[in-house]
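Written below as structure tokens is the structure these notes are about.
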Amino acid sequence: MCASPRTASNVLTCTDSYRFARHLLTPEGPLSRFAFIKAVLGPIMRLMFRPQVEGAEHIPGEGPVILAGNHLTFIDSMIMPLFCDRQVFFIGKDEYVTGKGLKGRLMAWFFTGCGMIPVDRDGGRGGVAALMTGRRVLEEGKVFSIYPEGTRSPDGRLYRGRTGIARLAMMTGAPVVPFAIIGTDKIQPGGAGFPRPGRVTVRFGEAMEFSRYEGMDRDRYVLRAVTDSVMTEVMRLSGQEYVDMYATKAKAA
């Protein structure tokens, strides 16, 4: 049974996240579990959500890849990876794998099997832990998914992207494949409860290369320009209205 490594202070650090990611990528990790989950849940999700997948050929068949897309509701992270040919890894709250009892162990088994790497995202170092974990997953030549908005959209619109996506692309040289998930806010509005049947579209755009900006990952103007170019593609794919403010500020307001 897979569980999150813990430190003495009960906080998942960058080093812990890396070790956990390494575990995920070993033969003893959840790759076989992901195949099992995909085989079981895939047909059920196809029946419930009648997914339309477009542009999957834009995801390179090998090597590091960053998938960057919109985030409407909780189930986004379950649906998109199930309809990719390659195993997708993503950051999730460590509370999903630290529960007690049988339910907690089953949740840890399921979420890590789906490719989730738990990170304590609260506090000032949460963003750094997520960034460094993503970097090391990409250095393993794997697929790493990220929501540049940083949180779920509070109202279905697309919000300003955080520049971590740009820094990650420039640090690793990995191409960015933008994607859009459409319809999940209808099948699971507000992230509440069990999703209901409906139609979902997962749309991938062409890979974006930013190698020309190598060594400029500390230039805030370059980081913003790269991030905005990715978000423009996400907006085009999703058809969402764009709001030039952070989703966290919108939620606070």
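The first residue in the sequence is number 1, and the count goes up from there.
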Item checked: R157: salt bridge (Lys or Arg N to Asp or Glu O under 4.0 Å) partners, not counting sequence neighbours -> D155, E241

Margin query: I'd like to check the salt bridge (Lys or Arg N to Asp or Glu O under 4.0 Å) partners of R224; sequence neighbours left out, ordered by chain and number.
Written below: D228

Next item on the list: Taking all heavy atoms of P175 and all of A207, pick out the closest pair and write down the distance.
Entry: CB-CB, 4.3 Å

Notebook entry, point to check: How far apart are the C-alpha atoms of I181 and V200, what are their side-chain angles, what is the distance that settles it, and do they pass the side-chain contact (heavy atoms from CB on, under 4.5 Å) test?
Noted result: CA-CA 7 Å; I181 300 180; V200 172; 4.2 Å; yes

Notebook entry, point to check: Can you find a heavy atom in the side chain of M48 that is under 4.5 Å from one in the side chain of R196?
Noted result: no

Next item on the list: Report yes or no: is the cationic atom of R162 (NZ for Lys, CZ for Arg) under 6.0 Å from the centre of the six-membered ring of Y246, at an angle within 45° of the ring normal?
Entry: yes

Margin query: Looking at R135 and E139, is there a salt bridge between them, counting it only when a charged N and a carboxylate O are closer than 4.0 Å?
Written below: yes

Notebook entry, point to check: Atom CZ in R50, atom CD1 in I187: separation rounded to 0.5 Å?
Noted result: 10.0 Å

Next item on the list: Verify side-chain contact (heavy atoms from CB on, under 4.5 Å) between H71 and T151, making sure each step is shown before the conclusion.
Entry: CA-CA 7 Å; H71 194 15; T151 187; 5.9 Å; no

Notebook entry, point to check: Less than 4.5 Å apart, any side-chain heavy atom of P81 and any of F90?
Noted result: yes

Next item on the list: Any chance you could measure T112, atom OG1, to I37, atom CD1, to the nearest 0.5 Å?
Entry: 7.5 Å

Notebook entry, point to check: Do the side chains of V230 and M208 get nearer than 4.5 Å, heavy atoms only?
Noted result: yes

Item checked: Closest non-hydrogen atom pair, A68 against P148 -> CB-CG, 4.0 Å

Check: So, does K251 use its side chain to make a donor-acceptor pair with the main chain of R152 at under 3.5 Å?
Finding: yes

Note to self: Applying side-chain contact (heavy atoms from CB on, under 4.5 Å) to V222 and M170, what does each step give before you reach the verdict?
What the structure shows: CA-CA 10 Å; V222 172; M170 285 187 278; 4.0 Å; yes

Checklist line | Minimum heavy-atom distance between L138 and A174, given as atom pair plus value | finding: CD2-CB, 4.2 Å

Next item on the list: Check L72 against G183 and note the closest heavy-atom contact, atom names and distance.
Entry: CD1-N, 4.4 Å

Margin query: For the OH atom of Y159 and the NZ atom of K249, what is their distance to the nearest 0.5 Å?
Written below: 13.0 Å

Notebook entry, point to check: Are Y221 and V226 co-members of a hydrophobic cluster defined by side-chain heavy atoms under 4.5 Å apart?
Noted result: no

Note to self: Would you say that more than 12 heavy atoms from the other residues, nucleotides or ligands in this model lie under 6.0 Å from the CD of E206, or not?
What the structure shows: no

Margin query: If I take atom CD from residue Q52 and atom CD from residue E54, how far apart are they, to the nearest 0.5 angstrom?
Written below: 4.5 Å

Check: So does K186 have more than 12 non-hydrogen atoms from other groups sitting under 6.0 Å from NZ?
Finding: no

Check: Any side-chain heavy atom of Y147 sitting closer than 4.5 Å to one from N70?
Finding: no

Next item on the list: Check K38 against C84 and note the closest heavy-atom contact, atom names and distance.
Entry: NZ-O, 2.6 Å

Next item on the list: Determine, stepwise, if the pair V88 / M80 fulfils side-chain contact (heavy atoms from CB on, under 4.5 Å).
Entry: CA-CA 9 Å; V88 177; M80 189 273 288; 4.2 Å; yes

Next item on the list: Supply the atom-to-atom distance R86 CZ to E62 CD, rounded to the nearest 0.5 angstrom.
Entry: 7.5 Å

Item checked: Shared hydrophobic cluster, F34 / V40 (ILVMFWY, side-chain heavy atoms < 4.5 Å) -> yes

Note to self: Quick check: is I75 connected to I44 through a chain of hydrophobic side chains (ILVMFWY, heavy atoms under 4.5 Å apart)?
What the structure shows: yes

Notebook entry, point to check: How many angstroms lie between atom CD1 of I79 and atom SG of C114, to the nearest 0.5 angstrom?
Noted result: 11.5 Å

Notebook entry, point to check: Counting distance only, does the side-chain N/O of E149 pair as donor-acceptor with the main-chain N or O of A247 below 3.5 Å?
Noted result: no

Item checked: Minimum side-chain heavy-atom gap V234-L158 below 4.5 Å -> yes

Checklist line | Whether over 12 other heavy atoms sit under 6.0 Å from R212 CZ | finding: yes

Check: Same hydrophobic cluster for I182 and F74, using side-chain heavy-atom links shorter than 4.5 Å among ILVMFWY?
Finding: no

Next item on the list: Describe, in one word, how the ring planes of F179 and F204 are oriented to each other, choosing from parallel (under 30°), tilted (30 to 60°) and perpendicular (over 60°).
Entry: tilted

Margin query: Do Q188 and D76 make a side-chain contact, defined as non-hydrogen atoms from C-beta onward lying under 4.5 Å apart?
Written below: no

Next item on the list: Work out which heavy atom in L237 is nearest to a heavy atom in G205; give both atom names and the distance.
Entry: CD1-N, 3.6 Å

Next item on the list: Taking the side chain as every heavy atom from C-beta outward, state whether I165 and I66 have any pair of such atoms under 4.5 Å apart.
Entry: yes

Checklist line | Check: F89 and E140 side chains under 4.5 Å, non-hydrogen atoms | finding: no

Note to self: Could you see if F210 belongs to whatever hydrophobic cluster contains L168? Use Ile, Leu, Val, Met, Phe, Trp, Tyr and a side-chain cutoff under 4.5 Å.
What the structure shows: yes

